[in-house]
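The structure under discussion appears below in the form of structure tokens.
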Number of protein chains: 2
Amino acid sequence: MDLSERQLQILQAVINDYVQNAEPVGSRSISKKYGLGVSPATIRNEMADLEEMGYLTHPHTSAGRIPSDKAYRLYVNNLMEKRSLSPQEQESITARLQADRDEFNATIRHAAELLSEITHLASFAMTPAINQDTLNFVKLLPVDERTVIMMIVAESGNINNTTLRVNVPYTAETLELISKTMTVHYKGRTIDEVLKDAIIEDIGTDIEAMNLFRGNVRPSFVRTLEDMLNVNLYMEGLTNIFSIPEYSSIDKARDFIELFTKKEEFARKMLSRGDGVIVTIGEENSDTMKDCSLITATYHVDGKLVGKIGVIGPTRMKYDEVTSIMEYLTNNLSESFRLGDGKDNK
Amino acid sequence: MDLSERQLQILQAVINDYVQNAEPVGSRSISKKYGLGVSPATIRNEMADLEEMGYLTHPHTSAGRIPSDKAYRLYVNNLMEKRSLSPQEQESITARLQADRDEFNATIRHAAELLSEITHLASFAMTPAINQDTLNFVKLLPVDERTVIMMIVAESGNINNTTLRVNVPYTAETLELISKTMTVHYKGRTIDEVLKDAIIEDIGTDIEAMNLFRGNVRPSFVRTLEDMLNVNLYMEGLTNIFSIPEYSSIDKARDFIELFTKKEEFARKMLSRGDGVIVTIGEENSDTMKDCSLITATYHVDGKLVGKIGVIGPTRMKYDEVTSIMEYLTNNLSESFRLGDGKDNK
DNA sequence: GTTAGCACTCACTTCATTAGAGTGCTAATT
DNA sequence: AATTAGCACTCTAATGAAGTGAGTGCTAAC
């Protein structure tokens with residue numbers, strides 16, 4: 001049951017008009033503004049058909065048509081064309097992102113800011129999830145009688161230091177022993193894996209090492225790994241949505257804000273999305289977001305670790321523009337984070 | 001020009017009623033509900049006087065009275081009585097806060113959550129500002145040929161580790177030399193002071209030490225100190241305000257949310273407030289908050305460092321309840337963070 | 001297959017009316 | 001001199017009727 005060429009044109013016209021004006025589109029205005037060369041009556045007939053097929057709806061009998069989620073889906077998949085960014089846009093993105101390339105987290109945050117400024121929507125950006133990162137080595141360094149530093153280094157180059165305050169005396173050899181044993185045990189395993197079922201209880205037969213390990217090293221190790229798993233999530237442009245007609249009622253606005261308030265939950269959801277630019281529209285989303293569209297895209301760090309940025313807005317949004325911007329932005333980010341560029345993921 | 005006993009009673013009645021119902025209070029309802037033993041007419045006369053003195057206002061001629069900021073100020077200073085918390089409230093606070101006493105940041109965050117849950121207002125909590133904390137020592141630890149850990153220890157016990165990747169070979173003696181020199185130089189100074197005008201350029205005459213210091217140690221040291229200055233700010237209960245009549249218009253709600261979006265600016269403002277429980281009402285606040293009341297309170301870590309929690313809501317709020325809760329909560333926090341209790345401010 | 005024409009629907013605006021809450025003033029009461 | 005009853009007056013909010021206009025759906029003609 002394919003759509004005719006003319007039906008596609010009409011559908012596109014309705015979408016364009018509605019996206020711009022946020023008001024139901026009538027047959028007359030389509031016939032006038034978009035030069036299809038047919039009368040309003042003909043368009044009415046076609047629109048009635050499109051409605052029957054589920055691409056358009058009616059708020060009430062005497063109102064114009066608005067696109068359904070299905071229509072947006074068709075538009076995103078087949079109709080829309082990639083927009084190329086204006087030189088100014090390109091430049092402003094490149095400039096803002098390169099400005100502090102050596103500060104990883106700050107850059108990610110800027111990306112989110114930038115995204116919400118350009119799109120006038122709510123946006124977010126997250127640092128890469130490193131639960132699939134593998135450990136390289138663990139090293140304990142003596143500081144003084146009561147203090148030891150534990151250094152955990154991952155394959156990706158990600159490093160984490162923690163200070164342990166120990167309450168028993170120790171020797172350099174003991175630290176060495178524990179470091180070696182842990183490294184042998186954990187090297188090459190992912191953090192996820194280690195946390196789930198590979199935390200060792202024993203460290204050998206040396207009683208001194210054993211005490212230190214059980215009393216101080218092991219608990220700190222677990223806590224630090226858990227800490228490393230947390231991605232940073234930056235959200236921006238929340239208040240943009242107040243100027244969007246869809247959220248002019250307090251209840252809608254509240255629901256939206258609430259979404260953004262539950263950071264952990266939100267981060268979890270976003271992490272489970274696939275790679276590349278992904279658009280989910282209205283009811284394709286989980287229930288809490290069924291009136292929104294969500295667009296996410298992924299960037300790469302050292303061509304390997306994967307971080308995400310995203311935009312949330314009403315289903316009525318400029319999909320072509322937003323997806324193009326996000327593609328450009330993520331390419332740019334990945335470029336900035338190519339091997340060796342002052343990655344400093346603390 | 002003092003207020004008569006009866007005027008105070010009437011004022012209090014108006015405040016109580018208005019705080020509860022969010023609607024202008026008429027003379028009749030006061031005479032009925034609050035047993036003052038006088039007729040509505042008398043109350044009307046008194047209210048007219050109170051209005052003249054600036055304690056009450058009129059939305060329009062045929063409406064009841066509502067309290068002005070001045071009235072709330074009088075109430076907070078002289079009229080309100082400290083509310084004692086119910087055993088359940090006390091218990092729920094104590095339980096929730098002690099639950100993870102060993103995780104400093106998590107506890108602070110819980111405090112904010114708790115506060116917004118109990119008061120049904122927007123709340124925040126910040127970790128202590130440590131810009132007045134003084135440095136104790138700096139230590140560089142060798143890891144491998146290209147890696148060094150820099151450990152910065154403050155008097156308060158606050159410790160910060162950073163990994164440096166060096167691109168020149170170094171010896172243990174060099175590290176020792178730099179550590180010593182820096183410690184001698186910085187010990188006893190506050191972080192603020194060091195950042196402002198005490199960053200040294202030279203480290204002595206040793207050329208190897210000099211290179212390492214200038215190329216790697218110094219920049220990281222500065223960045224780390226700056227990083228240590230940032231307080232963590234947790235905000236909770238933002239969406240509570242959507243159920244408050246004062247914020248039922250989108251514009252008001254937007255302004256409010258915007259306040260909370262600019263975290264850095266907000267943190268700075270809050271840091272400059274004094275100690276103890278402080279209430280600022282309506283126009284006593286800066287322009288962006290002139291329709292709100294803000295209540296902050298301070299807790300102590302090791303009886304020394306000072307952190308803040310706070311609540312923001314409409315000027316129409318239960319000042320007695322909120323201040324009592326905050327006092328209890330901060331006492332409890334300070335208690336939890338007394339010397340030696342697993343402080344782990346990472 | 002397309003279009004003109006027309007009756008019909010429905011939301012939105014405007015205007016007038018009404019009800020009710022509450023004040024402010026005056027004159028009577030204590 | 002303070003209090004109160006009484007009453008006219010003000011203003012908002014709610015209700016409803018009438019008109020407006022955008023837009024549809026259907027029919028019959030092209």
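Below, read A as the first sequence line, B as the second, and so on, with proteins coming before strands; counting in each chain starts at 1. What you see is a predicted model, and the numbers here were worked out from it, not measured in a lab.
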Open item on the list: If you assign each of Gly37(B) and His60(B) to its closest nucleotide in DNA chain D, which residue comes earlier from the 5' end?
Closed with: Gly37(B)
Sequence neighbours left out, what passes side chain to side chain donor-acceptor pair (under 3.5 Å) with [X]? Give chain and number order.
X: Asp251(B); result: Arg254(B)
X: Asp17(B); result: Asn21(B), Lys33(B), Tyr34(B)
X: Ser293(A); result: Tyr319(A)

Using atom [atom1] of [X] as one end and atom [atom2] of [N] as the other, report the distance to the nearest whole Å.
X: Ile43(A); N: dA4(C); atom1: CD1; atom2: P; value: 12 Å
X: Ile66(A); N: dA11(C); atom1: CD1; atom2: P; value: 14 Å
X: Glu23(A); N: dC12(C); atom1: CD; atom2: C1'; value: 12 Å

List the residues meeting salt bridge (charged side-chain N to carboxylate O under 4.0 Å, His left out) with [X], not counting sequence neighbours, and say none if there are none.
X: Glu51(A); answer: Arg65(A)
X: Glu264(A); answer: Arg109(B)
X: Arg273(A); answer: none

Open item on the list: Can you give me the first and the last nucleotide of DNA chain D (5' to 3') that has an atom within less than 4.0 angstrom of a non-hydrogen atom in chain B?
Closed with: dT3(D) to dT12(D)
Please tabulate the protein-to-nucleotide N/O contacts below 3.5 Å involving nucleotides 19-22 of chain C, giving atom names and distances.
residue, atom, partner, partner atom, Å
dG22(C), O4', Ser62(B), O, 3.3

Task: Geometric class of the Phe266(B)/Phe124(B) ring pair [parallel <30°, tilted 30-60°, perpendicular >60°] - done: perpendicular
Task: ring-ring contact (aromatic ring centres under 6.0 Å, His included) contacts in which one or both residues fall within residues 269-291 of chain A, not counting sequence neighbours - done: none
